[in-house]
Every structure is written in structure tokens, then in C-alpha cells.
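Values below: all heavy atoms of this structure, side chains included; hydrogens, waters and symmetry mates excluded. Just so it is clear: chains get the letters A, B, ... in the order the sequence lines come, proteins before strands, and each one is counted from 1.
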There are 2 protein chains.
Amino acid sequence: MPSEASTQKRVTISDVARYAGVSNATVSAVLNNKGTVKDSTRRRVLEAIEKLNYRPSGAARRRLQPTLHRTIGLVVKEVDNPYFADIFLGARAVANQHGYTVLITSSESDFTSEHRIVDLLADKDVDGLIINPLLEEQADLSHLFELKRRNIPFVLIENVLGLQANIVDVDNVAASKEATRYLIEGGHERIIHFAGPRYSLHTEERIEGFRRAFSETNLIFREDMIVYAGARLKDGYEKGLAYFQEHRDNPPTAVTCYNDLVAIGLMRALHQLGIKVPDQVSIIGYDDIAIAEYLPIPLTTVRVPKTEMGAKAAELLIRQIEGANGRGGSDAVERIFLQAQLVVRNSTRPLK
Amino acid sequence: MPSEASTQKRVTISDVARYAGVSNATVSAVLNNKGTVKDSTRRRVLEAIEKLNYRPSGAARRRLQPTLHRTIGLVVKEVDNPYFADIFLGARAVANQHGYTVLITSSESDFTSEHRIVDLLADKDVDGLIINPLLEEQADLSHLFELKRRNIPFVLIENVLGLQANIVDVDNVAASKEATRYLIEGGHERIIHFAGPRYSLHTEERIEGFRRAFSETNLIFREDMIVYAGARLKDGYEKGLAYFQEHRDNPPTAVTCYNDLVAIGLMRALHQLGIKVPDQVSIIGYDDIAIAEYLPIPLTTVRVPKTEMGAKAAELLIRQIEGANGRGGSDAVERIFLQAQLVVRNSTRPLK
DNA sequence: GTGAAAGCGCTAACAA
DNA sequence: TTGTTAGCGCTTTCAC
């Protein structure tokens, strides 16, 4: 009943010391398990801690060995996409080798979240960031510029127009084109593309690849070959159901998808509509997530070297973090594009 | 060529100030975009920052508004399991409502990692933790006790024996029993269980449920009904291939799996061996990850309310974080067990 | 516009 | 065994 309702101020080590009738140093000693404290004193301190609900500030404590924990922040767009798990795993492997720990957060396609997250990570003193940025209308890149101002190295794993920054990615236009061309060369003429979410530049790049495949043949590209689906199982399923119902009379013979999740969703829709894959419709995914190979009809897809991307991104980042400390030297931006490759499995078949 | 190779010491605001011939306060003003700095001065400071590659310490800066960013750390065991994505999403929703951000890290089944991660997160001053702990032989719970000592609230999403701690989980024994009983009641007699990894208590709980289902009938449980597989697609696939090849003459008619990933891997193996699901073998998964429903043979599985678990864990945690600050009151440990439920789809069929 | 100085919460000498 | 003190890197008054 004693202790008055203190104002919202933080409880500090001094409060505890005062309450327990000892000095700050003693409390600190208890906190850090130094063996040097008499048992009765220790007990009193512990009691005070409990009583006041004291929580030591890591920030203050850590100051002396700031290098104790090296960390890298990874900012993704959707956690429920296995794509990011692989990126993480690749980054983690390299990071661990160098004594870094990787922290993940997800913007979940929300631009405000992305801003907040990047700020937060910077405030938490991560040593560098790997970011999969959202494509944004308002082009508010302030959080990335802030990073530059604060001199915190970062590498993108999807391009941001109008920003000089390190990037590790795949040539999506080329890969998407290759996938589409594979279909065309197989004799497919009515092909459509289930495109990704609007907030992704990858979406546009993959559409562009699709388009270019056409321009290299005598087939005509038409806008209505692009069907905006999204990035998730559900998106592929729902759009698939809707599209193939609507185009019942004249369905396409092949679909390239934004990613594997969409492809799998689409396959479910087709299955449900009684349309056979690949007999009636060929399907190509993108990413080559682990499960693609595990489906009863293994998915033809574009393999993105996800683990390698994560690893490369981490390498580049760590080089910047550590190199930068040496001299103000290697400030030149690096842009690394890895090779994506079509993996033909059973969800596609040539028409001729 | 001038600037000597400084010893590895951190570059501080004072270094910048000295280099630019101004005071710390001025540098600080520049850093924080106060409008009060003359342009020529600002430029000089910026140059010094660049030159020295100065990176302001977030820790030091943040001290004044420590409450600016509230954060929760989520420690998982394997990022590439969609199970955790859903936990995260549930936690994130609640967290965001309360102004918290959720940071994820993964121990990847490595106990040393778990320790390091928890330490790190504590040092980074997260306000609380949601942890999916590894089951460990040496029972070294020091990192969790450390959390208690530092008064950082945490909630587990898998039990740790011998520790008084908040927990949100599902009754795995009951759920696993229910799944197995469903098979037995359907007339299956030769049933096996593809068990999870050794580092998981869930593994043991699910085995126990399997065992108990038998003890309630006149069927006999035998140790060789338990096949240790793992937690991943690959595990189910490889063990499945091996097991069903070896037991070609006398295969089981049903398998319950540690989780959906293992089940899907197993189905691939069976498919490859020409064994029909569910005609020849019934399969039950666990978790009900999104894709379970999307398979050509939708998976019968135990639905774990993952999103709800994440949400509940976050609620409980935030209550502890904030309640605790009020008085030293609500220190009582809470243990919440949600309901898991069998969802019958097409990968199982009754034998009678 | 800019600098000097105090203070944030904590730990690490060093004395007592 | 415990207390005193200085200092970590930064921001913020408040003079100049």
C-alpha cells in the first residue's frame, strides 16, 4: 500500500538503489551476476527490482561493447511467401559466418509499415539492411534517404526507380521472356499472364518480359492477355476460377504466372473446373519454391536463385559495413544480377 | 592520403565536430535536420560526416524517447514453415493495434542460435518476446532465466518442461489422439506415425496422442509404429520412400504425420511408388497450412488455430508489458490452450 | 547561428 | 563487500 503511483517515468537503476538503500554500482553488480555481493544485500536488491518492476535498459548497458551483437535487418513484403524464407536462409548462412544475426520484419505490403520498420531498425542500430521495397505511387523514399543520411548501408532485392542503391536481383524481364518464349516455341498461341500485385516492380518486369516474347514472334500482344491476380494462393485460385469461367468458350492454352503460389492456386481452380493440366492448359510458375517440385503435377517454373540472392546480398552488405569502416572508400554502388532459369517439369506440354 | 588509419575506435559525433571545426551541438543539429544551421556550416559538417564515415548511434539518440518504438521479438524454429508465418500474422495484427512492431528471428533448430538470439533481442530492448523454444537435452534454460532476471516478459508457444512461464499452445496430445482415433474408427488397423524432429516437444506430445488412441481400443501399440521423419517436405519424402519400399509386403493403411509438410512430402513419395492416396493409404497432416487445401488431393489434417495463437500470444504479452508497468501486480503466469480440430478432406478414407 | 555544459541509464575503475 | 566517480555518444537547454 505504500509506494505512490509514480508518474509514467521509467524506473531506473537509481530508483532501485534508493529503494534498496544501496548504491547504483551494487545494483549493477547484482544485475550482472558478479559474485561480489553479499547474499543479504543481493536479496534486498532483488526485492526492490521486483517491487518496482525495474527493467534495465539494454541500450545503456550495451554502449560499452557496441560491437557485441552485429545485426542485419531483412525487410520483406509478405512473410507467407516461401520465397522470403529462402532469401533469409541464404543471408543467414553468410551473416552467421561473419558473426551477424539476421532480424526479419515484414511490411505486409503496407507502405507505412515499410517506413516505420526501416526507422525502427535504424534506431535499433542494426548494422545494415536488406530490403525488398514496395513499389509506391507517391515515390516517398524518405526512409531510404534517411538511411543514407545516417550512413547505414543497405541493399535492395528489388529495384527502386530513381535511387542510386546497391541491389541484388534477377533479370526478370529476360527470365519472363524466356518462359513465354518456351511456350510460343512449343506451339502455344493463346497465352495469358497472371500478373502480380501492383505494389511490386517485379510485376511490371515480368509483364514486360511476357510482352517482349511476343514482339519477337509474329504473334500479337494484346493488353487483355494480362490478368492482374496477385501474389498468393488465393489470388491465383479466385482469378483462375473467374477467368476460366468467363472464357469458357475460348480459353487460353497456357498461362504464365507471377509466382508459384499463384500458379498453384490457379491449378486448383482448373482442377475444380475439370480442366486438365497440362493436357488442356499449360502452366508456368515463377520462383521455384520448394513445394513446386512436390506437387503431383510438378510445376514448370522459373528458378530464382533465392538462397544465393540472400547470400550475395548479405555479402555485399557486410562488405559495405566493414569496408566502410576502414576508409570512406568503397562507396560505389553495386548492382548484381543473377541468372534465373526455366525449369521444365510436368505442368507444361508443347502443342506441336 | 592524409587521414591516418585510426585505431578501430568508433567514430563519434565529437570526431565529426572536431574535423568540421564546430561543436557537437551543431553536428547534432545537422543530423536532425533542425533548420537552425547556416548553409555553409551544414555543408562542412556533411562533408566531415562523409569523410569520417560517421554513423550516429541509435542507442544514444533514442535514450530520450525510449518509448518511441515498441517492439516484440518473435523467435521461431524454422522460417521455411508456413506455420510460423501465420503465427506472425496473428501476432502482428494485435501488435500493430497496440503500436508495437514484431521482429522475427529464427534459431533454425540450433540451440546456440536460440541463446544468442534471445540475448540479442534483450540487448536491443525489445519490450517482450514470443518464443518457440527448442527442446534441449542439456536443459540449459539460462537465456530464459536471464529474461526473467531482466524482467522482460515473454510467452512461449511450445512448452518448456521445468519452467514457470506464460504459454499459448494447443493440446497436442488430445488433437493427435483425435486424429488417430478417427482412423481407427474408420477401420484402420495398421497405422503408423511419421514423427517430428527430436528437438521439439510437440513431437513427443503428438506421439503420445497417437499412443493413447491405441490404448483406448483393443489394438496394440508398438514402438515400431513411430517413424522419426522430421519437419520438412524433404523429410517426409525421403522417409516415405524408404519406409514404403522396405515395407512393400505389408504396408500400413494409414499414416499420421507430424505436420503438413511431412505429409506432402510423403504423398510425393507414395505417388512416385505408385501407391494411391487415399485408396491404398490414408494420410493425415497437422497444422493445416494454407496449401493443404490447395492440393489436388486436399489434405486431411489437424487444424491448429495459428493466427489466433499468434494473436493470443501477443495479447498476453502486451498485457504483461503494460500491466507490469502499472504496478508490480499481475505477475501470475498464464497458460492458454486453444482447441485444435481435425479437418477431414480427401487424403483419408474409412476402410469400412 | 553556434558553443558550453548538463544529463540520459548504465558499467567499470578505483577507493574505502 | 560496497560506494564514488568518471565516462559512454548523443540531445538539449541556455548563454553568447
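- Within the structure, the salt bridge (Lys or Arg N to Asp or Glu O under 4.0 Å) test picks out the following pairs touching residues 15-29 of chain A (sequence neighbours left out): A:Asp15-A:Arg18.
- A straight line from CD1 of A:Ile13 to P of C:dA12 spans 11 Å, rounded to a whole angstrom.
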Anything under 3.5 Å between a protein N or O and an N or O of nucleotides 2-5 of chain C, put it in a table, one pair a line.
residue, atom, partner, partner atom, Å
C:dT2, OP1, B:Thr41, OG1, 2.3
C:dT2, OP2, B:Lys38, N, 2.8
C:dT2, OP2, B:Thr41, OG1, 3.3
C:dG3, OP2, B:Ser23, N, 2.8
C:dG3, OP2, B:Ser23, OG, 3.1
C:dG3, OP2, B:Thr26, OG1, 2.6

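- For A:Pro56, taking side-chain heavy atoms from C-beta onward, the closest of the listed nucleotides C:dC10, C:dT11, D:dG9 is C:dC10.
- Residue A:Arg10 contributes atom CZ, which lies 16 Å from atom C1' of C:dG7 at whole-angstrom precision.
- B:Arg44 and B:Thr26 share no donor-acceptor pair across their side chains, judged by distance under 3.5 Å alone.
- Residue B:Lys34 has a polar side-chain atom (N or O) positioned under 4.0 Å from OP1 or OP2 of D:dT12.
- Judged as a salt bridge (Lys or Arg N to Asp or Glu O under 4.0 Å), the pairs with a partner in residues 143-161 of chain B (not counting sequence neighbours) are, in order, B:Lys77-B:Glu158, B:Asp123-B:Arg150, B:Glu146-B:Arg149, B:Glu146-B:Arg150.
- Here the C1' atom of nucleotide C:dG9 and the CG atom of A:Leu31 are 11 Å apart, to the nearest Å.
- B:Ser28 has a side-chain polar atom (N or O) that falls below the 4.0 Å cut-off from OP1 or OP2 of D:dT11.
- Residue pairs meeting the salt bridge (Lys or Arg N to Asp or Glu O under 4.0 Å) criterion with at least one member in residues 26-40 of chain A, sequence neighbours excluded: A:Asp39-A:Arg43.
- If you take CG of A:Asp123 and P of D:dG9, they are 18 Å apart, rounded to a whole angstrom.
- Qualifying salt bridge (charged side-chain N to carboxylate O under 4.0 Å, His left out) partners for B:Glu308, counting only residues two or more places apart in sequence or in other chains: none.
- Under the side chain to side chain donor-acceptor pair (under 3.5 Å) criterion, B:Asp86 pairs with no residue at all, not counting sequence neighbours.
- Comparing the helix axis at one end of the helix from C:dG1-D:dC16 to C:dA16-D:dT1 with that at the other, each defined from 5 consecutive pairs, gives an inter-axis angle of 30° (nearest 10°).
- Among residues two or more places apart in sequence or in another chain, the salt bridge (charged side-chain N to carboxylate O under 4.0 Å, His left out) test is passed with A:Glu108 by A:Arg232.
- Evaluation of the side chain to side chain contact (heavy atoms under 4.5 Å, CB included) rule for B:Leu163 yields B:Leu141, B:Leu144, B:Phe145, B:Phe154, B:Leu156, B:Val160, B:Ala165 as partners, not counting sequence neighbours.
- Rounded to whole Å, the distance from CZ on A:Arg18 to P on D:dG3 is 14 Å.
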